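The first residue in the sequence is number 1, and the count goes up from there. Quick caveat, the model's predicted, so the values are computed rather than measured. Start at 1 and go down the list; that is how both ligands and their atoms are numbered. These numbers come from the heavy atoms of this one structure, side chains and all, not from hydrogens, waters or symmetry mates.
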Amino acid sequence: MQFWHKELETLPRQKLEELQLERLKKTLQKVYQKVPHYRKKIQDSAINPSEIKSINDIKKLPFTTKEDLFVDYPYGLLAIPTERAIRLHTSSGTTGKPKAIFFSKKDINNSAELIARSLVMTGATKKDILQNSMTYGLFTGALVMHYGAEKVGILVIPAGPGNTERQINLMRDFGTTMLHITPSYALYVASVIYDKGIDPKKDLKLKRAYLGAEPYSEETRRKIEEMLGIDIYNCYGLTEMNGPGVGFECIYKEGLHIWEDNFLMEVVNPETGQSVSDGEIGELVLTTLNREAMPLIRYRTRDLTRVIPEPCKCGRVHRRISRILGRSDDMFIVKGVNIFPQQIEQVLMGIKGVAQNYQIVLEAFDEMVVRVEIDRDLFDGKIEKLVRLKEEIVDKIRSNVMVKPKVELLEPGTLPISEGKAKRVIDKRTI
Ligand code: DLL
């Protein structure tokens, strides 16, 4: 198989690290020479790029944060002349301007190559048909996946998100075998398929789905897998690092392999910036090793995860990380307790009777209200069932996050539907 780079994916660790070092040195030289902002940062840190003798020496270099992307915005970190950049992608932050990331021809090809490699790792072949239900446009999600899937020879249906009726018709008419979709929209699509009485195993040809772009729990994966009778693979990435395809699950679905020939990964304590030991939770920091237009050194992703120290059963040498536990930016504090939306989601999706959509509303006096849609037939039954379900949700959330929520049970279809990245938390508290 063309994209199963056995020699690259299973080469001895030492060889992989040699390749990383060689690429790191080249990257550093390049940013030092071509990017004044990096030259200054490196000079200020009192380390000369020529002193980098091992990949561990990367720790001597300064971090890049998203604030660095706004110095001399938008072209300030470009390491090639603008006429050699052929694509722009952006990622909106919580405030102000979006982060702008540029790609050269080589970068586009390389990002597609990583996707191709990832898809093949999950068993995809050119016989597959991929319905790409991510947003096409400035967001990397759809386009980067699109180019990668085409590279394998997969037939791509550029559906984009939304218009769920049409999504299902496309699946039926063209025999879609794979979906690329956000977890929140996948939950919704699965519920519509279910409500329409479509039997996915008989009426559709779906085999697998690639879910990413936002955090989700193992319970959500399981729920959608069961509803659709498919395998779901976690796909991680961020615009600053090409978009999707930085990390991807293999057939064992036990964490995401980071493509370490392209990205040097570190996990650090988000407060101190010091490395944590393998297996410990911290913030993922990534350095691009193969990027032409806009290399980034020690980029603070804000994503919390841990390295899985055990080797993977698949034999790949590229280390795995656990699913992203949350983004430090997404964390909210209620009654002094730090909570990630995903902790609430994990509880909800493991409870029988809970449907696909929920929202967390933070009210005055630190009241956490969890508004959750439940199966429609529960409203036709006995009131005691509803009372019991509500109690179960309250108890399980309280024992998971240590804060007692107020729970509102809603009919399916009450809450806004998310077609892209879901907005789960609404903070109405006055500060
Ligand atoms: O979301 C790239 C992407 C598209 C990845 C499609 C996977 C699939 P951004 O819009 O820049 O890029 O957002 C990046 O989304 O830092 C994480 O916080 C979050 N994220 C992405 N993938 C996952 C995932 C794309 N599998 C930010 N699990 C990242 C959890 C994810 N969070």
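With respect to the salt-bridge test (charged N to carboxylate O, under 4.0 angstrom), the residues E67 and R300 do not qualify. Classification of D261 and R117 as a salt-bridged pair holds, one side-chain N sitting under 4.0 Å from a carboxylate O.
The N/O atoms of T301, backbone and side chain alike, include none that comes under 3.5 Å of an N/O atom in ligand 1. Of the N or O atoms in A213, one or more lie within a sub-3.5 Å distance of an N or O in ligand 1. At least one N or O atom of C235 sits closer than 3.5 Å to an N or O atom of ligand 1.
Close contacts of ligand 1 with L238, meaning ligand atoms under 4.0 Å from a residue heavy atom, involve 11 (O), 12 (O), 14 (C), 16 (O). If you number the atoms of ligand 1 from 1 as listed, the ones under 4.0 Å from a heavy atom of T239 come out as 9 (P), 10 (O), 11 (O), 12 (O). Close approach of ligand 1 to N234 (heavy-atom distance below 4.0 Å) involves ligand atoms 24 (C), 26 (N). Listed by atom number, the atoms of ligand 1 under 4.0 Å from F139 heavy atoms are 1 (O), 4 (C), 10 (O), 25 (C). Taking a cut-off of under 4.0 Å to the non-hydrogen atoms of G212, the atoms of ligand 1 that pass are 7 (C), 8 (C), 26 (N).
Only the side chain of M134 comes within contact range of ligand 1, with a heavy atom under 4.0 Å; no backbone atom does. With a 4.0 Å cut-off on non-hydrogen atoms, T140 touches ligand 1 through its side chain and not its backbone. If you look at S91 next to ligand 1, the close heavy atoms, those under 4.0 Å, all belong to the side chain.
Under a cutoff of 6.0 Å and an axis angle of 45°, R323 and Y236 do not form a cation-pi pair. A cation-pi arrangement is found for R424 relative to Y358, the charged atom lying closer than 6.0 Å to the ring centre and inside a 45° cone about the ring normal. Stacking of R291 on the aromatic ring of F103 is recorded, both the 6.0 Å distance cut-off and the 45° axial limit being met.
K30 NZ: more than 12 foreign heavy atoms inside a 6.0 Å radius. No more than 12 heavy atoms of other residues, nucleotides or ligands lie within 6.0 Å of OH in Y194, so this atom counts as exposed by the packing criterion. Annotation: K106, atom NZ; neighbour count of heavy atoms from other residues, nucleotides and ligands within 6.0 Å is above 12.
Counting only heavy atoms of the protein, atom 29 (C) of ligand 1 lies nearest to D303 OD2, 3.2 Å. Closest to atom 1 (O) of ligand 1 among all protein heavy atoms lies K421 NZ, 2.8 Å. Atom 28 (N) of ligand 1 has its closest protein heavy atom at E214 O, 3.4 Å.
E240 and Y299 share a donor-acceptor pair across their side chains, judged by distance under 3.5 Å alone.
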Quiz item: Given the rule in the ring pair (Phe, Tyr, Trp, His ring centres under 6.0 Å) test, do Y210 and F248 qualify, once you have shown the distances and angles that lead to the verdict?
Solution: CA-CA 9 Å; Y210 304 104; F248 225 94; 5.6 Å; yes
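A heavy-atom separation below 4.0 Å is not found between R323 and ligand 1.
Comparing heavy-atom distances from atom 21 (C) of ligand 1 across G243, G237, G141 singles out G237 as nearest.
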